[in-house]
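Here the structure is laid out as structure tokens; the discussion comes afterwards.
Residues: numbered from 1 along the sequence shown.
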Amino acid sequence: METNTNAYLVGGPRDGSTQQAESALLEIDLDGMIHRYVRTTKQHGEDGTVYNYDGMVAPDGGQPGVEDPAARVASPKADAEGHGGTA
């Protein structure tokens with residue numbers, strides 16, 4: 001079940017900002033990279049939920065030589081947009 005939540009972002013490039021989130025994993029596309037924020041059980045004020053920064057991934061998956069980029073999907077957002085994966 002998805003709900004609309006006022007997410008307060010902690011860490012990463014959007015530290016201290018807020019935005020709407022519809023699930024436990026919030027993905028933000030910035031400068032060609034996907035930045036992930038994960039919902040916590042902490043509340044921010046009366047109507048906000050804290051989302052902690054979880055890192056950055058390339059939309060097409062891993063880097064050649066480190067891992068096979070085609071062997072995994074970097075994120076649900078990247079998968080929905082047709083990047084990476086095991087097509």
Side-chain angles (χ1 to χ4, degrees):
M1 178 173 140
E2 292 187 0
T3 58
N4 205 6
T5 302
N6 191 24
Y8 180 78
L9 308 180
V10 176
R14 295 283 192 222
D15 185 41
S17 65
T18 59
Q19 77 174 62
Q20 292 296 308
E22 296 178 356
S23 64
L25 176 63
L26 175 62
E27 295 183 314
I28 301 171
D29 190 353
L30 296 171
D31 299 324
M33 299 298 281
I34 294 177
H35 297 268
R36 297 179 182 179
Y37 288 85
V38 179
R39 183 174 57 215
T40 70
T41 57
K42 303 276 185 189
Q43 290 297 114
H44 183 266
E46 293 184 19
D47 65 346
T49 300
V50 174
Y51 277 63
N52 281 337
Y53 187 63
D54 190 47
M56 173 180 75
V57 295
D60 290 325
Q63 298 175 5
V66 176
E67 61 181 271
D68 181 8
R72 71 172 182 85
V73 174
S75 71
K77 179 177 178 155
D79 186 32
E81 293 174 355
H83 297 280
T86 56

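Cluster membership check: Val38 does not share its hydrophobic cluster with Leu30, using side-chain heavy-atom separations under 4.5 Å among Ile, Leu, Val, Met, Phe, Trp and Tyr. Taken together through direct or relayed side-chain contacts under 4.5 Å among Ile, Leu, Val, Met, Phe, Trp and Tyr, Tyr8 and Ile28 form parts of separate hydrophobic clusters.
Among all heavy-atom pairs drawn from Gly32 and Pro59, the shortest one is O-CD, 3.1 Å.
Between the CG atom in Leu26 and the CZ atom in Arg39 there is a gap of 10.5 Å [rounded to 0.5 Å]. One distance of note links OH of Tyr37 with CZ of Arg14; it measures 7.5 Å at 0.5 Å rounding.
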Pair up each side-chain donor or acceptor in residues 45-55 with any protein partner under 3.5 Å, not counting sequence neighbours, and list the distances.
| unit_1 | atom_1 | unit_2 | atom_2 | d |
| --- | --- | --- | --- | --- |
| Thr49 | OG1 | Gln43 | OE1 | 3.4 |
| Tyr51 | OH | Ser23 | O | 2.8 |
| Tyr53 | OH | His35 | ND1 | 2.8 |

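Residue pairs that meet the ring pair (Phe, Tyr, Trp, His ring centres under 6.0 Å) test with at least one member in residues 11-33, sequence neighbours left out, do not exist here.
No more than 12 heavy atoms of other residues, nucleotides or ligands shown are found within 6.0 angstrom of CG on Asp31.
Under the 4.5 Å side-chain criterion, counting only non-hydrogen atoms from C-beta, Asn6 is in contact with Gln20.
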